[in-house]
Amino acid sequence: MDKPRVRFAPSPTGYLHIGGARTALFNWLWARRHGGTFILRIEDTDQGRSTKEAEAAIFDGLRWLGLDWDEGPDVGGPHAPYFQMERLDLYEAYAEKLIAEGKAFACYCTREELEAGRKHAEAEKRQYRYPGTCREKPYDRSRPHVIRFRVPEHGATGWDDLVKGPISTPHDTLQDEVILRSDRVPLYNFGAVVDDITMKVNLVGRGDDHVNNTARQILMYRALGYPVPSFAHFPMILGADKTRLSKRHGATSVTAYRDMGFLPEAVVNYLVRLGWSHGDQEIFSLEELVRLFDLKDVGATAGVFNPEKMAWVNHEWLKKVPEEALAAKALPYFRAAGLAVEDGPKLRHVVRVARERAKTFGEYVQQFRYFFAPVTFDAKAREKFFTKDTRPVLEAIRAGIAALPAMDTEPLEKLFQAEAEKRGLGLGKIAQPVRVALTGGTASPGMYDVVQILGKDETLRRLDEGIRLAG
RNA sequence: GGCCCGUUAGUCUAGCGGUCAGGACGUCGGCCUCUCACGCCGAAAACAUGGGUUCAAAUCCCGUACGGGUCACCA
């Protein structure tokens with residue numbers, strides 16, 4: 001087999017979508033696995049919707065995921081340019097060739113005429129098909145026109161899809177479709193084919209919403225006289241209601257997950273498992289995937305995007321990061337939340353207790369902001385644990401801590417235990433009021449850890465406030 | 001509606017003619033325990049449906065139902 005040349009060809013009309021990211025990932029993995037080439041091509045021919053911002057967002061997203069491209073924007077390559085709007089001459093030349101050979105023709109129908117035909121067909125509940133009005137008309141460049149590709153009337157075109165197996169499309173469901181607009185800008189099917197030919201792409205891996213484009217594209221390869229590449233159509237990613245994943249289902253952009261505090265390793269890991277598997281294994285690094293990924297293990301069924309499992313995967317990855325590095329990664333998230341956090345021992349300690357309890361950096365910030373900000377009390381906890389009965393406990397612990405020279409675990413443990421014994425109470429009766437005073441709530445890391453992280457002074461301040469509130 | 005594709009627990013999946021249908025997320029129960037979490041142990045939970053083929057079908061074939069995709073001078 002030739003070394004694969006694959007591509008990811010997004011249109012820059014929005015951020016990098018989860019589904020697009022997975023398509024890019026599968027292609028990238030296939031290329032890396034076989035020492036092939038991964039090409040990034042920007043399909044910006046929809047001038048109404050394409051933006052430079054979207055383009056930048058897509059580059060960002062891919063880079064963040066660790067998917068680098070061998071040919072494409074910024075890095076260049078032997079088949080540059082990699083923006084379709086810079087390749088217009090090429091499409092025109094290929095279209096002219098087809099016209100000269102009678103495989104394409106100029107169509108002078110107006111949009112209004114076409115629309116009327118469509119309406120008419122709809123009224124009669126017929127399938128609309130371009131009636132071939134201009135099929136035999138001579139080529140007159142001076143009149144406004146589009147170029148249409150001539151599709152055979154009979155028969156069918158099929159291929160053996162690397163993911164879905166044999167697929168065939170009858171020609172009578174196709175029509176003489178437009179390949180060049182009146183302004184000479186190509187339409188998707190033609191632009192993609194010409195680019196894939198000239199960029200020598202030999203495997204086209206894309207979402208299975210393109211299955212219905214494949215037969216027409218194969219017809220174009222043949223008309224142009226080039227070998228047809230292999231095709232692999234990846235199943236869609238669905239939302240919880242089993243419809244195509246969209247904004248209605250929540251965050252769908254890769255960068256949104258970055259901002260929520262997911263690790264790129266986790267996003268890659270989760271996405272690859274949505275549609276691909278390797279026995280019972282769940283956790284895969286990129287390096288491992290490059291070794292193991294195989295298109296034949298990609299399933300044919302659409303999958304529902306499950307944020308909870310993605311969070312679990314993220315947690316698994318978070319637990320692998322060494323403490324110091326984890327603190328460095330978490331820092332920007334605390335800062336973004338407006339917390340005056342310094343990179344230092346305190347943050348490392350917070351991260352140490354957070355890592356077992358929170359699945360994203362977003363949750364780190366949400367759950368542990370009290371280490372860096374004044375306590376906000378949970379109303380119920382405050383009512384339940386700040387009472388005339390608990391006040392003496394708070395005072396005793398306050399006094400005990402004030403008397404300690406340092407906040408080491410052993411003496412703290414002794415202090416709490418002694419207090420519990422003295423009062424004939426369980427440790428919980430001692431720890432809970434203290435916990436509320438120090439953290440504002442009833443769930444937190446171990447009490448001695450919290451005291452150590454807060455430090456003696458801050459601990460005493462918070463206990464004082466608790467005592468005051470306990471009346 | 002036409003055409004194309006799909007269908008194993010709530011979800012992601014293993015399975016590729018003979019398995020007690022396996023794993024993971026989630027859920028529930030237990031252990032651990034100062035709370036929460038982690039960890040550990042355990043449980044409930046699936047082959048859409050009807051026909052074939054076969055000694056034998058989750059696995060192969062056909063129909064039905066359901067789901068998705070697509071029918072532009074969008075990609």
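- Nearest nucleotide to the A/Leu187 side chain, out of B/C4, B/A24, B/A72: B/A72.
- Judged purely by atom type and a 3.5 angstrom limit, A/Thr173 has no side-chain atom pairing as donor or acceptor with the backbone of A/Thr169.
- Side-chain proximity of A/Glu308 to the nucleotides B/C74, B/C3, B/G26 is greatest for B/G26.
- The listed nucleotides are B/C74, B/U11, B/G68; the one nearest the side chain of A/Asn306 is B/U11.
- An OP1 or OP2 oxygen of B/U11 is reached within less than 4.0 angstrom by a side-chain nitrogen or oxygen of A/Lys242.
- Residue A/Gly446 is classed as a base contact, given a heavy-atom separation below 4.0 Å to a base.
- Of the residues A/Val268, A/Asn269, A/Leu318, A/Val313, the one that meets the side-chain contact (heavy atoms from CB on, under 4.5 Å) test with A/Leu263 is A/Leu318.
- Of all nucleotides listed (B/A72, B/C34, B/G6), B/A72 comes nearest to the side chain of A/Arg118.
- Taking atom C1' on both nucleotides, B/G23 is separated from B/A9 by 13 Å, rounded to a whole Å.
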Contacts table for residues 360-369 of chain A: side-chain donor-acceptor under 3.5 angstrom, sequence neighbours left out:
from: A/Thr360; atom 1: OG1; to: A/Gly362; atom 2: N; distance (Å): 3.4
from: A/Thr360; atom 1: OG1; to: A/Glu363; atom 2: N; distance (Å): 3.0
from: A/Glu363; atom 1: OE1; to: A/Lys359; atom 2: N; distance (Å): 2.7

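- Backbone-only engagement by A/Gly275 is indicated by non-hydrogen atom pairs under 4.0 Å involving sugar-phosphate atoms exclusively.
- Nearer the 5' end of RNA chain B, as judged by each residue's closest nucleotide, is the contact made by A/Leu427, out of A/Leu427 and A/Asn189.
- At a cut-off of 3.5 angstrom, counting only N and O atoms as typed in the model, there is a donor on one side and an acceptor on the other between the side-chain of A/Arg435 and the base of B/C34.
- Heavy-atom nearest nucleotides on RNA chain B were determined for A/Asp241 and for A/Gln47, and the one closer to the 5' end corresponds to A/Asp241.
- Comparing B/A75, B/A24, B/C3 by their nearest atom to the side chain of A/Thr173 picks out B/C3.
- A donor-acceptor contact under 3.5 Å is formed by the side chain of A/Gln127 with the base of B/G1.
- Nucleotides B/C40 and B/A45 are separated by 24 Å at their P atoms, to the nearest Å.
- For the pair A/Glu177 CD and B/U70 P, the interatomic distance rounds to 15 Å; values are reported in whole Å.
- Side-chain atoms of A/Ser182 come within donor-acceptor range of the base of B/C73, with a qualifying N/O pair under 3.5 Å.
- Look at A/Asp196 and A/Arg41 and you find a salt bridge, because one of the NZ, NE, NH1 or NH2 atoms lies within 4.0 Å of a carboxylate O, short of that distance.
- Ranking B/G69, B/U13, B/A75 by closeness to the A/Ser277 side chain, first place goes to B/U13.
- If you take NZ of A/Lys296 and C1' of B/A14, they are 13 Å apart, rounded to a whole angstrom.
- Considering only side-chain N and O atoms, A/Ser444 lies nowhere under 4.0 angstrom from the phosphate OP1 or OP2 of B/C36.
- With ring centers used as reference points, A/Phe149 lies 6.0 Å or more from A/Phe105.
- A/Leu245 places its CG atom 15 Å from the C1' atom of B/G69, with the value rounded to the nearest Å.
- Between B/G67 and B/U27, the two P atoms lie 28 Å apart (nearest whole Å).
- A/Lys319 comes within 4.0 angstrom of the backbone, heavy atoms only, and of no base.
- Checking B/G26 for Watson-Crick or G-U wobble geometry (two distances, each under 3.5 Å) identifies no partner in any strand.
- Considering only side-chain N and O atoms, A/Thr13 lies nowhere under 4.0 angstrom from the phosphate OP1 or OP2 of B/C74.
- In this structure, A/Arg143 places its CZ atom 16 Å from C1' of B/C73, rounding to the nearest Å.
- By the ring pair (Phe, Tyr, Trp, His ring centres under 6.0 Å) test, A/Phe372 pairs with A/Phe334, sequence neighbours left out.
- We find that NZ of A/Lys309 is positioned 8 Å from C1' of B/U11, with the value rounded to whole Å.
- With A/Met447 as the fixed residue, the side-chain contact (heavy atoms from CB on, under 4.5 Å) test singles out one of A/Val434, A/Leu427, A/Leu412, A/Ile430: A/Val434.
- Below the 3.5 angstrom threshold, one finds no donor paired with an acceptor across the side chain of A/Gln281 and the base of B/G23.
- Computed from coordinates, the A/Ile283 CD1 to B/G23 C1' distance equals 13 Å when rounded to whole Å.
- A/Glu43 comes within 4.0 angstrom of the backbone, heavy atoms only, and of no base.
- Considering only side-chain N and O atoms, A/Arg181 lies nowhere under 4.0 angstrom from the phosphate OP1 or OP2 of B/A72.
- A donor-acceptor contact under 3.5 Å is formed by the side chain of A/Asp280 with the base of B/G22.
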